[in-house]
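The first residue of the sequence shown is numbered 1, and numbering continues consecutively from there.
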Amino acid sequence: MFSEYDPDTDSEEYCFELCEDMLQLKNKNLLIDLGWYPEGDIKGNYRLFLVDTTKELPFETPLQVFSSRSKKEIIQMIEYWTNYGFFSKYLR
């Protein structure tokens, strides 16, 4: 779950929310997947993948990968990746 918790500003008390399975968005053959790596480690970071689900082992050959500790940067990248002008080149 991609929650209100922000590892840069909130205490470690809720770091259990930092998990590998936070968010998935799907549009036809495209999947955006967000997780925190390593799971539960406050020193880790968010990792965002854009994959083509029609490929064999799509996470082995992602179309795009973005990593950041900043929740704001992750939200900006999700907004960019979900813009039709960006993702339309990958649709099948």
Side-chain angles (χ1 to χ4, degrees):
M1 112 185 94
F2 192 43
S3 69
E4 294 296 317
Y5 178 75
D6 189 334
D8 287 337
T9 59
D10 297 330
S11 70
E12 290 187 36
E13 179 181 358
Y14 296 101
C15 70
F16 63 86
E17 293 189 21
L18 302 175
C19 59
E20 290 183 12
D21 298 322
M22 296 183 126
L23 176 73
Q24 284 193 338
L25 303 171
K26 188 161 192 233
N27 184 355
K28 298 185 181 180
N29 61 300
L30 299 178
L31 177 73
I32 293 175
D33 183 85
L34 174 65
W36 182 270
Y37 299 89
E39 186 167 326
D41 184 347
I42 194 75
K43 294 177 182 162
N45 60 21
Y46 293 105
R47 196 167 308 148
L48 195 59
F49 294 89
L50 176 64
V51 299
D52 183 341
T53 58
T54 63
K55 291 185 176 181
E56 187 174 330
L57 303 171
F59 285 92
E60 299 287 323
T61 57
L63 301 170
Q64 301 273 333
V65 178
F66 179 76
S67 295
S68 177
R69 283 192 52 82
S70 167
K71 187 172 188 171
K72 181 180 177 182
E73 288 179 2
I74 290 297
I75 291 169
Q76 289 173 338
M77 189 59 70
I78 290 171
E79 289 173 348
Y80 178 70
W81 285 2
T82 56
N83 179 302
Y84 186 77
F86 172 79
F87 75 81
S88 63
K89 62 187 170 192
Y90 295 118
L91 286 177
R92 292 187 182 194

Trainee: With sequence neighbours excluded, tell me which residues meet side-chain contact (heavy atoms from CB on, under 4.5 Å) with Ser68.
Mentor: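 Scan of Ser68 (side-chain contact (heavy atoms from CB on, under 4.5 Å), adjacent residues dropped) gives Phe66, Ser70, Glu73, Ile74.
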Trainee: Would you say Asp41 and Leu18 make side-chain contact, with heavy atoms under 4.5 Å?
Mentor: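 With C-beta onward as the side chain, the pair stays apart.
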Trainee: State the CD-CG distance between Gln24 and Leu34, to the nearest 0.5 angstrom.
Mentor: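 The CD atom of Gln24 sits 10.0 Å away from the CG atom of Leu34.
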Trainee: What salt bridge (Lys or Arg N to Asp or Glu O under 4.0 Å) pairs are there with at least one residue in residues 83-92, not counting sequence neighbours?
Mentor: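 For residues 83-92, and leaving out neighbouring residues, the salt bridge (Lys or Arg N to Asp or Glu O under 4.0 Å) pairs sorted by first residue read Asp52-Arg92.
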Trainee: Taking the side chain as everything from C-beta on, heavy atoms only, tell me whether Leu63 gets closer than 4.5 Å to Phe87.
Mentor: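 They are not in contact (no side-chain heavy atoms under 4.5 Å apart), so the answer is no.
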Trainee: Assign the ring pair Trp81 / Phe86 to parallel, tilted or perpendicular, where the plane angle (0 to 90°) is split at 30° and 60°.
Mentor: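 Rings of Trp81 and Phe86: parallel, under 30°.
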Trainee: Looking at Tyr46 and Arg69, what are the two nearest heavy atoms and their distance?
Mentor: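 Looks like CE1-O, 3.8 Å.
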Trainee: What's the separation between atom NZ in Lys55 and atom CG in Asn29, rounded to the nearest 0.5 Å?
Mentor: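 Separation between the atoms: 9.5 Å.
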Trainee: Do you know the tightest heavy-atom contact between Pro38 and Gly44?
Mentor: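 Looking at all heavy atoms of both residues, the shortest contact is CD-CA, 3.9 Å.
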Trainee: Which heavy atom of Met22 sits nearest a heavy atom of Trp36, and at what distance?
Mentor: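 It is SD-N, 4.1 Å.
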Trainee: What's the spacing between Asn83 CG and Ile78 CD1 if we round to 0.5 Å?
Mentor: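 Asn83 CG to Ile78 CD1: 14.0 Å, rounded to 0.5 Å.
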Trainee: Is there a continuous path of hydrophobic side-chain contacts, each under 4.5 Å between heavy atoms, that joins Leu31 to Tyr84?
Mentor: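 Different clusters: Leu31 never reaches Tyr84 through Ile, Leu, Val, Met, Phe, Trp or Tyr contacts under 4.5 Å.
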Trainee: Looking at residues at least two apart in the chain, or sitting in another chain, which of them share a side-chain contact (heavy atoms from CB on, under 4.5 Å) with Tyr37?
Mentor: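 Per chain and number, Tyr37 pairs via side-chain contact (heavy atoms from CB on, under 4.5 Å) with Glu20, Asp33, Arg47, Phe49.
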Trainee: Report the distance from atom CG of Asn27 to atom OG1 of Thr53, rounding to the nearest 0.5 Å.
Mentor: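 Between Asn27 CG and Thr53 OG1, I get 10.0 Å after rounding to 0.5 Å.
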Trainee: Kindly compute the distance separating CG (Leu50) from OG1 (Thr82), expressed to the nearest 0.5 Å.
Mentor: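 Those atoms lie 10.5 Å apart.
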